[in-house]
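Each chain gets a letter, A, B and so on, in the order the sequences are listed, and its residues count up from 1.
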There are 2 protein chains.
Amino acid sequence: MSRSHTDVTDQVENPACPVSEVLDRVAGKWAIGILVAAAKGPVRFSELERTIDGISRRMLTLNLRKLEREGLLTRTVYPTVPPKVEYACTEMALELYETLLSLVDWATRHSGDIARAHAVYDTAHTVAPAP
Amino acid sequence: MSRSHTDVTDQVENPACPVSEVLDRVAGKWAIGILVAAAKGPVRFSELERTIDGISRRMLTLNLRKLEREGLLTRTVYPTVPPKVEYACTEMALELYETLLSLVDWATRHSGDIARAHAVYDTAHTVAPAP
DNA sequence: CCGTATCCATCTCGATACTG
DNA sequence: CAGTATCGAGATGGATACGG
């Protein structure tokens, strides 16, 4: 093999970069919350609306459509009255979810360092240098 | 232990969610590109400006400051003339980079499925239903 | 119940110009 | 070389109201 799996540079630089694309998919304020909520089993629209807390109807719909389009969620309509719609993670999404866990792990392990970095940076940049 | 490491739900729902935070850090259009460019060794400002291709001076600066504040990059000024500034990944950032690789892997493995999902969704939603 | 449509405030980002 | 300052276009997201 001529290229190691760490040679990702060219992919990041070009527009089809898979990392950036996947991050753009789930980076929004709500996408992950939705994914997580749906990871445990099918959820209804109104359930999500209550669970996510703070999300507007519009944003919920937009994110659901987006995730559905990406193939991360399936949408199932039950033609009952009143209507019932369930959203469920696809296999792909559950795999992604597992991968996301390693990010959680990283973030957890380094939360201290990050907080420290913030403090250091802020004190170094916001306190006016003494005259 | 009372909670498995997969019980991330409550974290996603609350504002201090580590996943969302870490994604917000690197999800921008440029952050990953910068991180990748710096992963191979210290880089100068103008080097990044040329490498990243398409980034404006302003955005480069903003992202560099942000990443520096997060503790992902270090900034070293050499008081020469002309000035020289080098940016380098921290240990933390290199670790994050490795983690990101698993996302690349996921994206690569499923790029076909995603493209298919797009196609399916689009044909189902953009072609007007025949009357 | 499950959305879509509309309006508006806010934020983001690129272009451009100027400085130590 | 390595930034900062300012401005305006466009994207983003919340509130609200209405439709299937």
Side-chain angles (χ1 to χ4, degrees), chain A residues 15 20-21 23-34 37-38 42-70 73-88 121 124-126 128-129 131, chain B residues 15 17 20-21 23-34 37-38 42-70 73-88 121-122 124-126 128-129 131:
Chain A
S20 296
E21 290 215 330
L23 286 179
D24 284 350
R25 286 184 235 287
V26 295
K29 197 176 173 184
W30 310 109
I32 294 189
I34 295 173
V43 270
R44 302 185 55 171
F45 186 91
S46 49
E47 222 173 324
L48 287 168
E49 202 172 3
R50 268 176 286 105
T51 306
I52 308 281
D53 189 78
I55 196 169
S56 66
R57 222 163 224 179
R58 178 183 141 84
M59 278 303 108
L60 180 54
T61 303
L62 259 64
N63 276 279
L64 287 172
R65 294 289 174 274
K66 187 178 177 189
L67 292 171
E68 188 195 353
R69 180 167 188 270
E70 306 295 349
L73 287 183
T74 61
R75 178 172 180 271
T76 313
V77 181
Y78 298 92
T80 59
V81 296
K84 172 178 167 180
V85 180
E86 276 188 347
Y87 294 90
Y121 186 95
H125 292 260
T126 63
Chain B
C17 168
S20 297
E21 291 215 331
L23 286 179
D24 283 351
R25 285 184 237 287
V26 293
K29 196 176 174 185
W30 310 109
I32 295 190
I34 295 173
V43 269
R44 302 184 56 171
F45 186 91
S46 49
E47 222 172 325
L48 288 168
E49 202 173 3
R50 266 176 286 107
T51 307
I52 308 281
D53 189 78
I55 196 169
S56 65
R57 224 161 225 192
R58 178 183 141 84
M59 278 302 107
L60 180 54
T61 302
L62 259 65
N63 276 279
L64 287 172
R65 294 290 175 272
K66 187 178 176 189
L67 292 170
E68 188 194 353
R69 180 167 188 269
E70 307 296 349
L73 286 183
T74 61
R75 178 171 180 271
T76 313
V77 181
Y78 298 92
T80 57
V81 296
K84 171 178 169 182
V85 180
E86 275 188 348
Y87 294 90
Y121 185 96
D122 290 348
H125 288 79
T126 63

Chemist: Does the pair A:R25/A:E21 count as a salt bridge with the N-to-O cut at 4.0 Å?
Modeler: yes

Chemist: Only counting residues at least two apart or in another chain, list the ones meeting salt bridge (charged side-chain N to carboxylate O under 4.0 Å, His left out) with A:R69.
Modeler: B:D122

Chemist: State the CG-OH distance between A:L48 and A:Y87, to the nearest 0.5 angstrom.
Modeler: 8.0 Å

Chemist: For DNA chain D, which residues in residues 62-70 of chain A have a heavy atom at a distance below 4.0 Å?
Modeler: none

Chemist: How many Å lie between CD1 on A:I34 and P on C:dG3, as a whole number?
Modeler: 12 Å

Chemist: Could you list by number each residue of residues 74-82 of chain A showing a heavy-atom separation from DNA chain C of less than 4.0 Å, or answer none if no residue does?
Modeler: A:R75, A:P82

Chemist: Suppose we screen for salt bridge (charged side-chain N to carboxylate O under 4.0 Å, His left out). Which residues come up paired with B:R57, at least two apart in sequence or across chains?
Modeler: B:E49

Chemist: Whole angstrom is fine here: how far is it from CG in A:L60 over to C1' in D:dG13?
Modeler: 13 Å

Chemist: Between A:A31 and A:N63, what is the shortest heavy-atom contact and its length?
Modeler: N-OD1, 3.9 Å

Chemist: Applying the side chain to side chain contact (heavy atoms under 4.5 Å, CB included) criterion to B:Y121, which one of A:K66, A:E70, A:R65 satisfies it?
Modeler: A:R65

Chemist: List the steps, then state whether side chain to side chain contact (heavy atoms under 4.5 Å, CB included) holds for A:I34 with A:L60.
Modeler: CA-CA 8 Å; A:I34 295 173; A:L60 180 54; 3.8 Å; yes

Chemist: Between atom CD of A:E68 and atom NE2 of B:H125, what is the distance when rounded to the nearest 0.5 Å?
Modeler: 5.5 Å

Chemist: Within the 4.0 Å limit for protein heavy atoms, which parts of nucleotides 14-20 of chain C are touched? Write it as a string from 5' to 3', B for base, S for sugar-phosphate only, - for none.
Modeler: BB----B

Chemist: In whole angstrom, what separates A:E49's CD from D:dA15's C1'?
Modeler: 13 Å

Chemist: Nearest-Å distance, CZ (B:F45) to C1' (D:dA2)?
Modeler: 6 Å

Chemist: Hey, could you give me the CH2/CD1 distance between B:W30 and B:I55, rounded to the nearest 0.5 Å?
Modeler: 5.5 Å

Chemist: Tell me: OH of B:Y87 to P of D:dC1, nearest whole Å?
Modeler: 14 Å

Chemist: Could you tell me the separation between the CD atom of B:E47 and the C1' atom of D:dG3, rounded to a whole number of Å?
Modeler: 17 Å

Chemist: Does a side-chain heavy-atom distance below 4.5 Å link B:V43 with B:T51?
Modeler: no

Chemist: How long is the straight-line distance from OG1 of A:T74 back to CG of A:L67, given to the nearest 0.5 Å?
Modeler: 11.5 Å

Chemist: What's the shortest heavy-atom distance between B:V77 and B:P79, and which atoms?
Modeler: O-CD, 3.6 Å

Chemist: What does B:T61 touch in the nucleic acid at a heavy-atom separation under 4.0 angstrom: a base, only the sugar-phosphate, or nothing?
Modeler: base

Chemist: Given axes from five pairs at either end, by how many degrees does the helix from C:dC1-D:dG20 to C:dG20-D:dC1 bend, rounded to 10°?
Modeler: 50°

